[in-house]
Visitor: 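Dropping the structure in here first, questions after.
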Number of protein chains: 2
Amino acid sequence: MSNSLTTKQEELIEKIGVFHEQRGMQPLMGRILGLLMVLEDAEATFDEIVEKLQVSKSAVSNALNFMQVKNFIAYRTKIGDRKRYFYLRMGENWETDLTHEIMELTKINDFFKEVLELRSNKHPEFNKNLTCISEFLEFFKEQVPVLLEKFKNKKN
Amino acid sequence: MSNSLTTKQEELIEKIGVFHEQRGMQPLMGRILGLLMVLEDAEATFDEIVEKLQVSKSAVSNALNFMQVKNFIAYRTKIGDRKRYFYLRMGENWETDLTHEIMELTKINDFFKEVLELRSNKHPEFNKNLTCISEFLEFFKEQVPVLLEKFKNKKN
DNA sequence: TTTCTAGTTCACCAAAAAAAGAACCAAAAT
DNA sequence: ATTTTGGTTCTTTTTTTGGTGAACTAGAAA
């Protein structure tokens, strides 16, 4: 039984929770992400999550399973211990995940292209603007991996 | 009274709506964004929005006001006509808006920094990873405007 | 002055989302 | 063999959300 959260930790978990919530994530999931980030051990068992976040087992079960499918978290086990130790997937491949997530933003561009397809030339100014934004998003998308490379070089 | 939407237009509006909805935006707002993008005139009056999206005046009123505060849309008026013609704010300063929105993504970094502040060195590997991600986000944030400049140069 | 137009505000409601709780299950421990 | 542990699943309840519709308002028109 690990010791309980400090007020600072609790507050930070809630803030991180709200942040994700506002971006369309389910409330409890955001809080679990916060918890796993804030905990000294950087991991927690099922029951620790239930206890520290004061939520039901079913809610935790559903949230954890969903987040595993989404590759947000994973778990490890220890010999002679049936518990699952959940942790944030932040190891070697955070880069791919993060750039992938950044590029999610450019998905709107697929719709922009569809819109441009559908529009006549009644309002060329608008079309020109939209085309420009679309082109930038295209450019942006291909530059994100480049940016990552630059960053890695800079670090070494 | 402008003519009504084609099936293609309606479907695209809904798809754009769902896209935004999944990212935490209220359903109607996403649909209004879709509508204003898809309409040939690239603008619509209050009543046209009510009519074309088949929603109540109050819902439209709230959505429009919110979106104006958020700078997603604006309206113009015409002499001798009290109606407001709402349109997407995509004119001259789409660049600032878009880069601003892209950089929204890096807001999570504020929390990462707070987390790092709070964490001891019990789990240095985790801290190292988180620091690295945080540094990348920092780098990314400052590179977005650079990317925009590059894009503009490339166009000219 | 009264009526109309273009919206706003607010009390209310339905549906969806989120969580709770009980029953359940499989593997391990006693 | 039966109890405990570590969860899962299913149904029910609670909470939140998104939207409706009626009443209202300010300015323009008749």
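All of these numbers come straight from a predicted model, not from anything done at the bench. Naming convention: chains lettered A, B, ... in sequence-line order (proteins, then strands); numbering from 1 in each chain.
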Visitor: Can you tell me if B/Arg82 touches the phosphate of D/dG27, counting only side-chain N or O atoms and a distance under 4.0 Å to OP1 or OP2?
Guide: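 No, no such contact exists.
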Visitor: Calculate the interatomic distance between A/His20 atom NE2 and C/dA18 atom C1'; express it in whole Å.
Guide: 18 Å
Visitor: When the distance from CZ of B/Phe46 to C1' of C/dT5 is rounded to whole Å, what number comes out?
Guide: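 B/Phe46 atom CZ is separated from C/dT5 atom C1' by 12 Å.
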Visitor: Ignoring hydrogens and angles, answer whether the base of C/dA19 and the side-chain atoms of A/Ser58 contain a donor-acceptor pair closer than 3.5 Å.
Guide: no
Visitor: What about A/Lys83, does its side chain sit under 3.5 Å from the base of D/dG6 through a donor-acceptor pair?
Guide: no
Visitor: According to a strict under-4.0 Å criterion, is A/Asn62 in side-chain N/O contact with OP1 or OP2 of C/dA18?
Guide: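 For A/Asn62, the contact criterion (side-chain N or O under 4.0 Å from OP1 or OP2 of C/dA18) is not met.
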Visitor: Select from A/Glu21 and A/Ser61 the residue whose nearest nucleotide in DNA chain D is closer to the 5' end of that strand.
Guide: A/Ser61
Visitor: How close or far is atom P of C/dT5 from atom CG of B/Asp47, stated in whole angstroms?
Guide: 10 Å
Visitor: Under the criterion side chain to side chain contact (heavy atoms under 4.5 Å, CB included), which of A/Leu36, A/Val18, A/Ile16 is the partner of A/Arg31?
Guide: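 With A/Arg31 as partner, side chain to side chain contact (heavy atoms under 4.5 Å, CB included) holds for just one option, A/Val18.
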Visitor: Is B/Glu149 salt-bridged to B/Lys152, going by a charged N under 4.0 Å from an acidic O?
Guide: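 Between B/Lys152 and B/Glu149 there is a salt bridge, with a charged N closer than 4.0 Å to a carboxylate O.
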Visitor: With a 4.0 Å cutoff (strictly under), does any side-chain N or O of A/Arg84 reach OP1 or OP2 of D/dT5?
Guide: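 It does not, given that no N or O in the side chain of A/Arg84 lies less than 4.0 Å from OP1 or OP2 of D/dT5.
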Visitor: Among the candidates C/dA18, D/dG6, C/dT9, find the nucleotide nearest to the side-chain atoms of A/Asp81.
Guide: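 The answer is D/dG6, which lies nearest to the side chain.
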Visitor: Which part of the nucleic acid, if any, lies within contact of B/Leu64, taking any heavy atom under 4.0 Å across all strands shown: a base, the sugar-phosphate backbone alone, or nothing?
Guide: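 The residue B/Leu64 makes no contact with any strand.
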Visitor: Can you measure from CG (A/Asn129) to CG (B/Leu88) and round to the nearest 0.5 angstrom?
Guide: 10.5 Å
Visitor: May I ask you to say what B/Val60 touches in the nucleic acid, namely base, sugar-phosphate or nothing, with a heavy-atom cut-off under 4.0 Å?
Guide: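 B/Val60: no heavy atom of the nucleic acid under 4.0 Å.
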